Amino acid sequence: MPDARAGAAHRAVFLDRDGTIVEDPGFLHESGKVRLLSGAGEAIHRLNQAGWLVITVSNQSGIARGLYDATAYSAVQRRLVELLATHGARLDGAYFCPHHPDFTGPCECRKPGLLLFREAAAALGLELARSVWVGDRVSDVHPARKLGGRALLVETGRGAAHVGKARALGVPVVADLAAAAAEIVRGG
């Protein structure tokens, strides 16, 4: 983990998890069902090697809906870390929102809310304006507009359904996480 006390601001890639890194069967909560999307492990390894901190930020409304609990989320996250390690890849942080406005009322942490990104910035010494958001929904990448960073929508997961809206907002669209990583590394 980077030392935020050192005073140097770091840049990060904020990744949505389900549909961006792993297959999204809907309300993923069983660690045995975690499957990396093709090229995702290598893409995160490439970002790690290029000096980017890689952080997952995920809405987990299944918790609010009573479909699973935070322990199940943590088990899935541990399995994701294990699978990434087989590709020499690592996550530098993981944040999630367990809420849904229909069940728990509004919150500041549900994407496109900014709370989790600000918490990550404070904890890891991040410069959000130098960071990049990647996800398969417009809500995953919309925080970049408010925080001054870059955004990329992937067509994996539910991304194909969000292409039109993303393009209307000026958000570049790429095929998958591997293409996003290549774009990020190329752009510095």
Side-chain angles (χ1 to χ4, degrees), residues 11-31 33-34 37 40 44 53-81 91-173 177 180:
R11 58 190 183 169
V13 177
F14 291 103
L15 299 176
D16 177 56
R17 188 188 75 187
D18 303 341
T20 302
I21 303 171
V22 300
E23 293 177 6
D24 184 1
F27 303 110
L28 179 61
H29 65 282
E30 296 175 69
S31 61
K33 293 187 177 180
V34 178
L37 290 169
I44 293 173
L53 298 184
V54 179
I55 301 161
T56 59
V57 179
S58 182
N59 287 340
Q60 294 293 316
S61 70
I63 296 172
R65 296 168 192 266
L67 300 175
Y68 56 95
D69 59 19
T71 301
Y73 162 81
S74 295
V76 167
Q77 201 66 21
R78 279 192 306 276
R79 180 64 181 145
L80 171 59
V81 168
L91 298 176
D92 297 289
Y95 295 80
F96 73 100
C97 170
H99 309 116
H100 188 282
D102 293 345
F103 298 91
T104 56
C107 68
E108 299 283 324
C109 60
R110 183 174 174 79
K111 292 183 293 182
L114 306 179
L115 180 65
L116 298 179
F117 303 106
R118 289 186 172 135
E119 286 180 358
L124 300 172
L126 303 176
E127 187 176 336
L128 294 174
R130 292 179 58 214
S131 295
V132 182
W133 280 254
V134 180
D136 67 326
R137 298 174 190 229
V138 171
S139 60
D140 297 329
V141 299
H142 194 264
R145 296 174 62 106
K146 293 182 179 180
L147 297 170
R150 293 174 35 212
L152 294 167
L153 183 92
V154 294
E155 292 183 282
T156 54
R158 296 187 180 8
H162 291 261
V163 168
K165 187 171 183 181
R167 288 191 173 133
L169 293 170
V171 174
V173 177
L177 185 53

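Keep in mind that this is a model prediction, so the values were computed, not measured.
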Minimum heavy-atom distance between [X] and [Y], given as atom pair plus value:
X    : Y    : result
S31  : A75  : CB-O, 3.6 Å
V134 : A180 : CG1-CB, 4.0 Å
C97  : C107 : SG-SG, 3.7 Å
S58  : D16  : CA-OD1, 4.3 Å
A64  : T104 : CB-CG2, 3.8 Å
G170 : P172 : O-CD, 3.4 Å

Residue pairs fulfilling ring-ring contact (aromatic ring centres under 6.0 Å, His included) with at least one residue in residues 121-156, sequence neighbours excluded
F14-W133, F117-W133
Any non-hydrogen side-chain atom of [X] less than 4.5 Å from a side-chain atom of [Y]?
X   : Y    : answer
I55 : L126 : yes
V76 : V22  : no
L37 : L177 : no
L67 : H29  : no
P25 : K33  : no

Got a second to check how far [X]'s [atom1] is from [Y]'s [atom2], nearest 0.5 Å?
X    : Y    : atom1 : atom2 : result
F96  : R110 : CZ    : CZ    : 13.0 Å
D92  : L53  : CG    : CG    : 4.5 Å
H99  : R65  : NE2   : CZ    : 13.5 Å
R17  : D140 : CZ    : CG    : 12.0 Å
L153 : D136 : CG    : CG    : 7.0 Å
T20  : R137 : OG1   : CZ    : 9.0 Å

Apply side-chain contact (heavy atoms from CB on, under 4.5 Å) to the pair V171 and K165, showing each step before the final yes or no.
CA-CA 9 Å; V171 174; K165 187 171 183 181; over 6 Å; no
Pairs involving residues 151-163, ordered by first then second residue, that meet salt bridge (Lys or Arg N to Asp or Glu O under 4.0 Å) (sequence neighbours left out):
D24-R158
Under the criterion side-chain contact (heavy atoms from CB on, under 4.5 Å), which of V141, N59, V138, L116 is the partner of K111?
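Only one of V141, N59, V138, L116 forms a side-chain contact (heavy atoms from CB on, under 4.5 Å) with K111, namely N59.
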Pick one: which of I44, V57, V132 meets side-chain contact (heavy atoms from CB on, under 4.5 Å) with L15?
I44
A quick test of your reading: do over 12 heavy atoms of other residues, nucleotides or ligands sit less than 6.0 Å from CD of E127?
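Above 12, so yes.
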Using modelled atom types only, decide if a donor and an acceptor are shared between the side chain of S139 and the backbone of P112 within a distance under 3.5 Å.
no
Check: T56/Q77 side-chain N/O donor and acceptor closer than 3.5 Å
yes
